[in-house]
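Working notes, beginning with the structure itself.
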Amino acid sequence: MAVRPPSLCGDSMKRETKKMAQILASPQCQLGIAKNMMNASPLTPRTWSSIVLRQKRTGNLKSSSKFQVFSVKAENSTINRLENLLNLDVTPYTDKIIAEYIWIGGSGIDLRSKSRTISKPVEHPSELPKWNYDGSSTGQAPGEDSEVILYPQAIFRDPFRGGNNILVICDTYTPAGEPIPTNKRARAAEIFSNPKVINEVTWYGIEQEYTLLQTNVQWPLGWPVGGYPGPQGPYYCGVGADKSFGRDISDAHYKACLYAGINISGTNGEVMPGQWEYQVGPSVGIEAGDHIWCSRYILERITEQVGVVLTLDPKPIEGDWNGAGCHTNYSTKSMREEGGFEVIKKAILNLSLRHQVHISAYGEGNERRLTGKHETANINTFSWGVANRGCSIRVGRDTEKQGKGYLEDRRPASNMDPYVVTSLLAETTILWEPTLEAEALAAQKLSLKV
């Protein structure tokens with residue numbers, strides 16, 4: 001017969017209760033409880049689901065509290081083991097590195113990537129092998145002849161894997177060595193290798209705007225689902241939980257770009273809530289395009305990790321909300337030297353004569369953004385001005401005062417291809433020459449004395 005322990009009752013119960021209360025009230029016990037609470041890992045929704053499902057399967061549990069602690073520890077142990085492997089430093093054990101080959105997909109704006117092992121660290125893209133991928137799966141080749149060749153063009157440190165691992169910006173070719181239609185870098189490289197362009201040492205500073213969206217509803221981060229926040233005004237460079245949405249993403253991206261070796265120069269919250277901007281430059285020639293594309297890749301990876309959607313749509317929300325652009329600041333050696341303002345005015349004249357050429361190459365959906373409102377010029381009309389953010393081309397006050405400097409092309413959309421925009425600016429202002437008649441008419445129309 002089972003022996004049952006004697007029950008506590010009467011004075012004995014009171015003494016035990018008092019003793020337990022004294023123990024719980026002791027500093028040692030309170031400190032231990034606080035320490036355990038601080039070290040505890042949060043219960044994720046997945047953890048709770050695991051506990052609930054397990055309880056349903058096993059019926060009534062005699063010790064549910066012990067089981068819950070076990071489940072939480074098992075869940076956290078799995079997560080920790082995965083994180084340990086992701087953060088594993090393999091450099092003491094092998095000279096091999098991981099190279100992430102990155103290229104632009106069939107839409108001209110989507111990014112693709114895949115990884116391969118390289119036998120040792122490299123310092124220049126010429127040390128890397130060419131690779132290939134299935135172009136029929138990216139909209140860049142037919143199924144019966146689907147092989148597209150990747151040519152490594154630029155290397156950056158990998159902020160996700162660390163160590164000697166690298167990100168590799170590639171452009172794309174047929175097996176015969178011809179650039180495929182979505183390879184805009186090849187044409188840009190031709191323009192930037194022209195001796196006239198090389199001598200002018202073209203500088204670019206690109207302001208990349210982007211919008212963060214909630215994953216399931218495709219609505220800006222921080223906005224009430226199906227509703228709208230307060231009017232624009234307090235959000236630009238704003239601070240506070242009711243004004244700034246996604247700052248951690250912006251800061252993480254900033255540091256990751258610095259680690260990678262991208263020439264990122266700043267960041268800020270934008271006019272529309274949930275929208276941000278970062279700046280890259282000054283960069284010389286084709287480097288500007290390489291750095292912007294790699295910075296976009298890093299941003300995509302970060303938003304992927306936190307479960308937020310990145311969009312480069314130039315007008316993600318219709319109505320009285322600012323769009324997203326990619327203003328491009330540009331100068332040549334002649335513009336930066338004494339008398340450079342005259343060179344800038346000549347460049348503006350050329351840009352006015354090729355306005356439609358530029359507009360057609362400055363991003364999809366830009367007509368929804370360039371309306372003449374929200375700090376934009378009308379898409380059909382070319383204009384320029386000093387310190388005027390409602391113009392196609394803006395010249396800064398300092399440039400006017402000093403008689404030299406740079407211009408800002410405010411027309412490019414946030415989804416523009418930086419290879420196209422940067423090379424087209426160089427082509428139009430350095431290599432292209434209008435007829436004397438066209439130049440005279442344009443100068444009169446724009447009130448430019450060139």
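Computed from a predicted structure; not experimentally measured. Positions are given from 1 along the sequence.
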Are the side chain of Lys373 and the backbone N or O of Trp321 linked by a donor-acceptor pair below 3.5 Å?
no

How many angstroms lie between CZ in Arg354 and OG1 in Thr429, if you round to the nearest 0.5 Å?
10.0 Å

Report yes if the side chains of Thr422 and Ile206 come closer than 4.5 Å at any heavy-atom pair, otherwise no.
yes

With no hydrogens and no angle check, is any side-chain donor or acceptor of Ser146 less than 3.5 Å from a backbone partner on Pro142?
no

Partners meeting side-chain hydrogen bond (donor to acceptor under 3.5 Å, both in side chains) with Thr174 (sequence neighbours left out)
none

Can you name the side-chain hydrogen bond (donor to acceptor under 3.5 Å, both in side chains) partners of Ser107, sequence neighbours left out?
Asp110

Working for side-chain hydrogen bond (donor to acceptor under 3.5 Å, both in side chains), residues Arg336 and Ser331
CA-CA 7 Å; Arg336 298 186 295 269; Ser331 71; 2.8 Å; yes

More than 12 foreign heavy atoms under 6.0 Å from CG of Asp248: is that the case here?
no

Is there a salt bridge (Lys or Arg N to Asp or Glu O under 4.0 Å) between Asp290 and Arg185 once you walk through the steps?
CA-CA 9 Å; Asp290 291 336; Arg185 192 186 190 281; 3.0 Å; yes

For the residue pair Lys243 and Tyr235, would you count it as a cation-pi contact if the rule is NZ or CZ under 6.0 angstrom from the ring centre and within 45 degrees of the ring axis?
no

For the residue pair His358 and Thr428, establish whether any side-chain heavy-atom pair is separated by less than 4.5 Å.
yes

Taking atom types as modelled, is there a side-chain donor on Arg411 or Ser392 under 3.5 Å from an acceptor on the other?
no

Can a donor-acceptor pair be found, under 3.5 Å and without considering hydrogens, that links the side chain of Ser414 to the backbone of Gly325?
no

Ionic contact status for Arg368 with Asp313, cut-off 4.0 Å:
yes

For Ser265, side-chain hydrogen bond (donor to acceptor under 3.5 Å, both in side chains) partners two or more places apart:
none

How many angstroms lie between atom CG of Asp171 and atom CD1 of Ile149, to the nearest 0.5 angstrom?
12.0 Å

Consider only side-chain N and O atoms of Glu408 and Thr328, and report whether a donor and an acceptor are under 3.5 Å apart.
no

Could you tell me whether Asp398 and Lys401 have a side-chain N and a carboxylate O separated by less than 4.0 Å?
no

Measuring from Asn164:CG to Ile118:CD1, what's the distance to the nearest 0.5 Å?
12.5 Å

Taking atom CD of Glu364 as the centre, does the number of heavy atoms from other residues, nucleotides or ligands within less than 6.0 Å exceed 12?
no

Check whether any side-chain N or O of Asn350 sits under 3.5 Å from a backbone N or O of Ala347 as a donor-acceptor pair, and report yes or no.
no

Enclosure of Asn216 CG (heavy-atom neighbours >12, cutoff 6.0 Å)
no

CG (Asn263) and NE2 (His291) are apart, to the nearest 0.5 Å, by 6.5 Å

Would you say that Trp203 contacts Ser283 through its side chain, given a criterion of any heavy-atom pair below 4.5 Å between the two side chains?
no

Taking atom types as modelled and ignoring hydrogens, do the side chains of Thr211 and Thr311 form a donor-acceptor contact shorter than 3.5 angstrom?
no

For a quick check under 3.5 Å, do Tyr297 and Ser113 share a side-chain donor-acceptor pair by atom type?
yes

Taking the side chain as everything from C-beta on, heavy atoms only, tell me whether Gln356 gets closer than 4.5 Å to Ser360.
no

Arg394 and Asp409 ion-paired at < 4.0 Å:
no

Minimum side-chain heavy-atom gap Leu258-Pro159 below 4.5 Å
no

Can a donor-acceptor pair be found, under 3.5 Å and without considering hydrogens, that links the side chain of His355 to the backbone of Ile379?
yes

Please report whether the ring centroid of Trp103 lies less than 6.0 Å from that of Tyr133.
yes

Trp223 and Pro229, any side-chain heavy atoms less than 4.5 Å apart:
yes

Counting N and O atoms only, with roles assigned by atom type, does the side chain of Gln214 sit under 3.5 Å from a partner on the main chain of Pro220, one being a donor and the other an acceptor?
yes

Run the side-chain contact (heavy atoms from CB on, under 4.5 Å) test against Pro179 and tell me which residues pass, sequence neighbours left out.
Tyr173, Asn183, Ala186

For residues Leu424 and Val357, report the shortest heavy-atom separation together with the two atoms involved.
CD2-O, 4.1 Å

Glu200 (side chain) donor-acceptor with Lys333 (main chain) under 3.5 angstrom
yes

Inter-residue atom distance Thr267.OG1 - Ile249.CD1, 0.5 Å rounding
11.5 Å

Regarding His374 and Thr376, is there a side-chain donor-to-acceptor distance under 3.5 Å anywhere?
no

May I ask you to test the Val395-Tyr406 pair for a side-chain heavy-atom distance under 4.5 Å?
no

Has Gln140 got a side-chain atom pairing as donor or acceptor with Ile104's backbone, closer than 3.5 angstrom?
yes

Under the ring pair (Phe, Tyr, Trp, His ring centres under 6.0 Å) rule, collect the residues that match up with Phe341, sequence neighbours excluded.
none

Under the side-chain contact (heavy atoms from CB on, under 4.5 Å) rule, what do Val309 and Thr303 come out as? Steps first, then yes or no, please.
CA-CA 6 Å; Val309 175; Thr303 53; over 6 Å; no

May I ask you to say whether Glu338 pairs ionically with Lys404, meaning some side-chain N is under 4.0 Å from a carboxylate O?
yes

Any side-chain to backbone donor/acceptor pair from Tyr101 onto Ile169? Under 3.5 Å, distance only.
no

Residues which pass side-chain hydrogen bond (donor to acceptor under 3.5 Å, both in side chains) with Trp219, listed by chain and number, not counting sequence neighbours:
none

Check: Phe160 and Gln305 side chains under 4.5 Å, non-hydrogen atoms:
yes

Between the side chain of Asn366 and the main-chain N/O of Pro314, is any donor-acceptor distance below 3.5 Å?
no

Rounded at 0.5 Å granularity, tell me how far CD in Glu270 sits from CD in Glu277.
4.5 Å

Using a strict cut-off of less than 4.0 Å between a Lys/Arg side-chain nitrogen and an Asp/Glu carboxylate oxygen, indicate whether Glu427 and Arg187 qualify as a salt bridge.
yes

Please indicate whether Glu123 has more than 12 foreign heavy atoms, meaning atoms of other residues, nucleotides or ligands, lying under 6.0 Å from its CD.
no

Have Glu375 and Asn322 got a donor and an acceptor in their side chains that come within less than 3.5 Å?
yes

Residues Glu100 and Arg161 bridged, charged N to O under 4.0 Å
yes

